[in-house]
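Because the structure is predicted, anything quoted here is derived from the model rather than measured.
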Amino acid sequence: MDEKILDWVTLAEKFSAGGDPKSMRTVAREIFEVDKNSADGLAIMAESSLYLGNVDEAESFAGYALSIEPKHLRGRLIWGGVAVKKLKLREQLKIFDDLITDAHAELKTLQNRMNDFNRQFSFKRRQKTSEDENLQKQSEKKIFIVQSILFKALCWSSNGLYLASEPARASANLLEASALTDRDEQAAELYSKHLFLKNYRDVPPVQAKESARRYNSFFARIVPFTHDRKNFDAERKLHIGYISPDFREHAIANFLTPFLKDFDADNFSVTCYSTGKKDFVTEKIKSFKVGWRDLIGKDALTAARIIDEDAVDILVDLSGHSQDSCLPILAHKPAPVQICALGYTASTGLNGVDYFLSDKICSPEINRADTFTEKILRLDPCCLCYAPSLIRDMPAQELRAPVLNNGFITFGSFNNFAKVSEDVLYMWRAILDGVPNSRLILKGKIFSLDDGKELIKDKLRKMSFPLDRIEMRAYSPDYLEQYSDIDVALDTFPYTGGTTTCEALYMGVPVITFRGKTHGARLGASILSAADVNELIAHSPMDYVKKAIQLSRRKELIAAYHVGLREHVKNSTLMDGKKYLGELEKIYRATWRSRCQGSGFRFQVSGREELFC
């Protein structure tokens, strides 16, 4: 590459990282002044067009670049980006896989040359000339450019891999990407996404805990707030803060009402701290008699300072490592007690998070699969309470089980298909084999794409699934009404359903779940226990298959579930908001008393001054 062009390409990459596509176009024009047929200039123009939303123009420029230089890394990157925009899942996966392989090889070659170059001076013990220095700088620029392209390819491919139900590969790509950026905030965000996706497949407990713990290293230079002036009176009224990017139409909204409606206003005050988008659900949340703070657009330190100045005693994070995580705010320790709850099923790994809200089923007292860096808070029986009214009025259920009309059993799963591991598929195939003429309905976003359907069909075909008995349905807003087509729902593992399981039960559909070893793998069991349908909980994969087959043979029991399950669930602990909050507030008080003990606060008990313990 011409030295002048190399300088321009390096500058274009910096503009790309800074989110300035218009300046990238200016750079491309400068490159064309040197070489009007430069593949680099064309690819930079293509990348700029893609970021500006002109997909057809990006495709044209990228195609021209690749006609000149078929193996051009940036040209292939943008060709893959065009495939993403045009929803060509199979094509983008192939492009990014090949590109990542070639970028690794190119990077290795460049780094080996750099090492050989430096060894020459080490052995000969001579000073580098200005020409040597210039050659070294050129090599460093080339490495920077290839690393930057590799970084983008890893990030973009992870989205496609996740959609294609390959979360382990997506997670690995995000881990590598996090190590390629020198921006601490971006590295932490990518590592956070990596941790989130690791939950979709089995990970040894020791490894899971250590991976989570590494997240804290991104915040090692932060000096947390000390709360030296806090009033550590163990029995005073407490200020509870709930922080989330998802106070909107989001799965978490199905569990928020008890926190905002059923709290004891004499002993607790509540403020919601929103870091995300607003919609009609946001307005419903703001109508509750709670405080409201909009933190969207504020950096982590500013947001933490606001929470600290509001004198929040206990800050409850509702997102964990999910999208747009609030954990960088909690890293500053804006409240004396900080808890992770609801929105995440594993350890945050963050030192600033003191506790994780679980329950006696998800996290039994003696648990060899403990993966948490936080102390565990155990509710009984379930760590969540289902209250779906914030998002929509729930549709009427179909009281007649489909089998009574069809003459055959229809199983179904509306879970995110990324949760469907290979082990789950083997169990589902065994169930279909054990229930003649049965059907399986799968519904999710991946089935909205023709490529997505074909990818999953290929996977099922390799596992000898009877494809003529499988129906794939695209995501649609009326998905709840479509439970009327399902006799029995099948849960996923090791990442079980949460909202999906609650919705199926509420729509009168029994759910078979497998109780695994970790919090996330046992959440389905916790929900079914709280709903008082323990008979649907399997204790091994083969028991999962056995229960599904046995239930399919009892059509009268399936019919009874469809008639009575909604009312049964509505009257169960799973939907008892007052009881849930009452138990949770006892936990809040206990954690506060523990914090007061740690602060050395003393109070009077029966006329004696004692330290709370």
- prompt: Cut-off 3.5 Å, side chains only: do H519 and T345 have a donor facing an acceptor?
  reply: no
- request: Please report the C-alpha distance between F514 and F493 in whole Å, then the side-chain angles of each, then the deciding distance to 0.1 Å, and finally whether the ring pair (Phe, Tyr, Trp, His ring centres under 6.0 Å) criterion is met.
  value: CA-CA 7 Å; F514 162 46; F493 56 86; 5.1 Å; yes
Cation-pi, F414 ring and R473 (6.0 angstrom, 45 degrees): no
message: Main chain of A208, side chain of S211: is a donor-acceptor contact present, judged purely on distance under 3.5 Å?
response: no
Determine all donor-acceptor pairs shorter than 3.5 Å in which one atom belongs to a side chain in residues 167-174; sequence neighbours excluded.
from	atom 1	to	atom 2	distance (Å)
R169	NH1	E166	OE1	2.9
R169	NH2	D97	OD1	2.8
R169	NH2	D97	OD2	3.1
S171	OG	H194	O	2.9
S171	OG	H194	ND1	2.8
N173	ND2	S157	OG	2.8

- prompt: Mind checking whether Y483 and Y506 have ring centres under 6.0 Å apart?
  reply: no
- prompt: Is there a donor-acceptor contact under 3.5 Å linking the side chains of S476 and K443?
  reply: yes
- prompt: Regarding S363 and R378, is there a side-chain donor-to-acceptor distance under 3.5 Å anywhere?
  reply: no
Pair E189-S325, side-chain donor/acceptor within less than 3.5 Å: no
- request: For this output row, return yes or no: ring centroids of Y200 and Y162 closer than 6.0 angstrom.
  value: yes
- prompt: Do L318 and L256 come within less than 4.5 Å of each other through their side chains, counting heavy atoms only?
  reply: yes
task: Using atom types as modelled and distance alone, determine if a side-chain donor or acceptor of T282 lies under 3.5 Å from a backbone N or O of F247.
output: yes
Could you tabulate the donor-acceptor pairs under 3.5 Å formed by side-chain atoms of residues 424-434, not counting sequence neighbours?
from	atom 1	to	atom 2	distance (Å)
W428	NE1	Y544	OH	3.0
R429	NH1	M463	O	2.6

- request: Check whether the side chains of D423 and S421 place a donor and an acceptor atom closer than 3.5 Å, and report yes or no.
  value: no
message: With a 4.5 Å cut-off on side-chain heavy atoms, are T373 and N216 touching?
response: no
task: Could you check if a side-chain atom of I285 sits within less than 4.5 angstrom of a side-chain atom of W292, using non-hydrogen atoms only?
output: yes
- request: Taking all non-hydrogen atoms of both residues into account, name the closest pair between C383 and D359 and its distance.
  value: N-OD2, 2.8 Å
query: Cut-off 3.5 Å, side chains only: do Y588 and N267 have a donor facing an acceptor?
result: no
field: Pairs involving residues 516-536, ordered by first then second residue, that meet salt bridge (charged side-chain N to carboxylate O under 4.0 Å, His left out) (sequence neighbours left out)
entry: none
- prompt: Is it the case that more than 12 heavy atoms not belonging to K546 sit under 6.0 Å from its NZ atom?
  reply: no
task: For N415 and Y495, test the side chains for any donor-to-acceptor distance below 3.5 angstrom and give the result as yes or no.
output: no
